[in-house]
Every structure is written in structure tokens, then in C-alpha cells.
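Let me begin by presenting the structure, written as C-alpha cells, before commenting on it.
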Amino acid sequence: MIEINLPTPIEEFTFRGKKYFIKRDDLTHPLFSGNKARKLWFLLKKDLSSYKKIISHGSAQSNAMLSLSVLAKEKNLIFDYYVSHISKFLKENPHGNYYYAIKNGMNIFEKPYPRTVRKDEFFVPEGGYTKEAEIGIKLLANEILNWCEKTEKKVDVFLTSGTGTTALYLKKNLPTINVYTTSCVGGSSYLEKEFYNLCKDKLHHPIILIGSKKYHFAKLYKECYQIWLELKSSGIEFDLLYDAIGWNILLENKTIFENDILFIHQGGLIGNQSMLPRYERKYLNKN
Ligand SMILES: *Cc1c(COP(=O)(O)O)cnc(C)c1O
């Protein structure tokens, strides 16, 4: 049985002389972590005994892929995962999410994913972008509300977005709190569309922050590596794909926040095992 540690703690964190609160959703479980644990919560709790297989797709280093491999193993289901491409380097040197997912028994296919599935196959959209994700994200919202009530604190919430699923359902379930996010995958109009597809009511949409620079997903940026190192030496390891961008955008926008900031750490630290060597090859000792 995998044990998920809930509620996750909220810790005080000082960075560049300012106080933040960090929701440590990276501490749910090492391999079933962060917002993937929240988004896939409904599946973990669902009776899947009439299914033989979980099918999903996305990138070969996806955090969702790793969590799904844990879930499938837990539920004794086959896990078939479709990717458009696996690099030769990764095939020859399995590491990061890819390594652990394969170790959990994932079957990986380098071809288009099946558009129709059989009755005994459960399909999970890329990144867990599904309405049922709200069930687990609502738990996250309630943990935050309980903490605010107990500590009598008023906060603004910030979290990064890929598909936007987590930010959207968090805002929907925190109607009285300002929730800010930023798009790490596409631009703001992509993210707005993602929100809209899940929920038509704009009142439930988080506020999207933008910075002076456009970031392309999974590319390397010196300021992302630098802020990640600085955050780590301040006491917390964040993920390099989303949070390193997120902190830069947050700091660029720091004057708009009305209250102390509660930053949601959404896990994904195994993913750093593939991102960090890339950064080190590019920037280490080359300042
Ligand atoms: C998946 C992921 C995100 C993006 O979550 P969405 O719900 O798709 O917006 C952000 N941070 C980390 C660490 C993730 O793994």
C-alpha cells in the first residue's frame, strides 16, 4: 500500500529577505508527489477492479507518467504509456521519471496513443487534465482553508501551471482567496483556453501573471538555474521545470500581492534528476 502523507505541512520560508509560506505538497510521497498526487487522487480511491489497464500519453520524462506508474502498480493494472519520441540518450541511459516508471512496470510505446479504448481500459489524458482531478485538489484547498483559519492568516496563493488543472480547481475551491498562476508550457491565451475547457465560469479562474520574458517549456534558462540554486541554498529544493520559472515571474510581479504569499510546492523532484545534469553541463563553472 502506498501511504500518502496528508495534510502536507505549510512552512515559513525566507527568501531574499522576504517571508513566504510554502505548502509542501512535494512531501506527499517521493514517487507519487505534488499536484499529480492531488490530480490522480480520484483514481487512487476509485474501484478499478473492472479494469485491466491504464492508458496515458505525454512526454518521456513526465511527472504524471511516474505517478501513474505507481498507481497502476498499486492497483495491479497494466500501464501502457505513449510518447511521440524517446531520445537515444534516454534509452541508453534511463534516469529520472522514465527510469522509475519503467522500474514500476510501465510499457512505453513510441507511437500515437489510441483514440478509442476498450471497456476494461482506463484512459488518463496527458498531465491528468480531467474534471475528476477536482476531487483531490479540493482536499488541497481545504487543507489551506483549515490552516488559514487555525493560524488566522490571510494569504495570496501562487502556483505554476502546465495544463492549468491544479490552479483552476484550487481557485474554484478557494473563492475568497486571490490565486495567481503563470503559464510554463504555452502562453497566457493557451492557459486561458485550458481553464475555459474545464470551467466556463470566469469567476473561478485564477489570475495569470506574466513576466518580461517568454519561456519555452523544458528549455534551459540561466536565471532559472540561478534562482533554483539560490532557493535550494535557502533551504528548499523546488522543481526546475515549473517552479524555477514561477519564482522568477512571482518576483517580477511582487508589488501586486496584497498579503503574504503561500507558494504551492507541487513536487516533481525526481524530474530534477534529468533537468539538473542538463543545467550543469550548460552552466556549471561557466559563469
Ligand atoms: C504537472 C506539474 C505542474 C503543472 O500542473 P498543471 O495542473 O498541469 O497545471 C506544475 N509543477 C509541477 C512540479 C508539476 O509536476
Side-chain angles (χ1 to χ4, degrees), residues 8 22-43 56-71 96-98 100-101 124-141 157-173 179-188 190-199 204-209 215 217-218 224 228 231 236-250 263-276:
T8 55
I22 313 291
K23 177 68 170 161
R24 297 296 304 270
D25 256 16
D26 53 319
L27 301 178
T28 49
H29 181 279
L31 302 180
F32 195 74
S33 87
N35 68 357
K36 303 309 180 288
R38 303 290 186 177
K39 289 198 277 187
L40 299 174
W41 186 260
F42 76 97
L43 258 187
S56 190
H57 67 108
S59 91
Q61 279 294 18
S62 140
N63 294 332
M65 170 190 80
L66 173 63
S67 292
L68 280 170
S69 76
V70 172
L71 192 125
N97 290 323
Y98 177 85
Y100 288 102
V124 179
E126 178 169 6
Y129 180 68
T130 162
K131 289 198 189 281
E132 286 156 300
E134 183 171 5
I135 295 165
I137 298 166
K138 196 179 166 113
L139 293 177
L140 169 61
V157 167
F158 179 88
L159 74 169
T160 59
S161 279
T163 64
T165 315
T166 314
L168 175 82
Y169 287 128
L170 194 58
K171 172 60 201 174
K172 183 162 177 251
N173 288 282
V179 176
Y180 298 92
T181 190
T182 193
S183 177
C184 300
V185 170
S188 302
Y190 151 83
L191 188 56
E192 261 164 44
K193 257 188 231 141
E194 294 283 284
F195 290 158
Y196 199 74
N197 282 338
L198 291 175
C199 172
H204 295 318
H205 293 192
I207 299 159
I208 301 174
L209 301 181
Y215 291 95
F217 193 58
C224 289
W228 181 85
L231 287 158
I236 299 182
E237 178 175 349
F238 287 90
D239 104 290
L240 270 163
L241 263 181
Y242 297 91
D243 288 345
I245 296 175
W247 275 101
N248 277 307
I249 303 279
L250 184 157
F263 187 106
I264 315 291
H265 190 322
Q266 302 186 89
L269 295 185
I270 302 278
N272 286 352
Q273 295 177 12
S274 51
M275 284 298 281
L276 190 56

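In each ligand, atom 1 is the first atom listed, and ligand 1 is the first ligand listed. Note that this is a predicted model, so its numbers are computed, not measured.
Between T163 and V185 there is no side-chain heavy-atom pair separated by less than 4.5 Å. Side-chain contact between L168 and H205 is present, with heavy atoms from C-beta onward closer than 4.5 Å. In this structure, D239 and N272 have side chains that are in contact, with non-hydrogen atoms separated by less than 4.5 Å.
When hydrogens are left out, the protein atom nearest atom 13 (C) of ligand 1 is G267 O, 3.2 Å; that is the closest non-hydrogen contact. Closest protein heavy atom to atom 2 (C) of ligand 1: K36 NZ, 2.5 Å. For atom 3 (C) of ligand 1, the closest heavy atom belonging to the protein is N35 ND2, 3.4 Å. In terms of protein heavy-atom proximity, atom 12 (C) of ligand 1 is nearest to Y242 CD1, 3.3 Å. With hydrogens left out, the protein atom closest to atom 8 (O) of ligand 1 is T163 OG1, 2.5 Å, a heavy atom.
S33 places no side-chain N or O within 3.5 Å of a backbone atom of P30 that could act as its donor or acceptor partner. For W228 (side chain) and F238 (main-chain N/O), a donor-acceptor pair under 3.5 Å exists by modelled atom type.
At a heavy-atom distance under 4.0 Å, atoms from both the backbone and the side chain of T166 approach ligand 1.
G34 does not count as a contact of ligand 1, since none of its heavy atoms falls under 4.0 Å from the ligand. Residue contacts with ligand 1 include K39, since one or more of its heavy atoms lies under 4.0 Å from the ligand. Residue contact annotation: A167 has no non-hydrogen atom under 4.0 Å from ligand 1.
Among S183, G162, G128, the residue whose heavy atom sits closest to atom 9 (O) of ligand 1 is G162.
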Run the numbers on Y129 and E194 for side chain to side chain contact (heavy atoms under 4.5 Å, CB included), then give the verdict.
CA-CA 9 Å; Y129 180 68; E194 294 283 284; 3.5 Å; yes
Between V157 and K23, does a side chain to side chain contact (heavy atoms under 4.5 Å, CB included) hold up when you go through it step by step?
CA-CA 10 Å; V157 167; K23 177 68 170 161; over 6 Å; no
T181 and F195: CA distance, side-chain angles, deciding distance, side chain to side chain contact (heavy atoms under 4.5 Å, CB included) verdict
CA-CA 12 Å; T181 190; F195 290 158; 4.0 Å; yes
Evaluate the side chain to side chain contact (heavy atoms under 4.5 Å, CB included) criterion for residues K131 and Y169: first the C-alpha distance (whole Å), next the side-chain angles of each, then the deciding distance (0.1 Å), finally the verdict.
CA-CA 9 Å; K131 289 198 189 281; Y169 287 128; 3.6 Å; yes
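Between G127 and ligand 1, a contact under 3.5 Å exists for no N or O pair.
Close approach of ligand 1 to D239 (heavy-atom distance below 4.0 Å) involves ligand atoms 13 (C). Counting atoms of ligand 1 from 1 in the listed order, those under 4.0 Å from a heavy atom of T160 are 10 (C), 11 (N). Proximity to S161 (heavy-atom distance under 4.0 Å) selects the following atoms of ligand 1: 9 (O). Interface atoms of ligand 1 facing G164, defined by a heavy-atom separation under 4.0 Å, are 6 (P), 8 (O), 9 (O).
Aromatic ring centroids of Y180 and F263 lie 6.0 Å or more apart.
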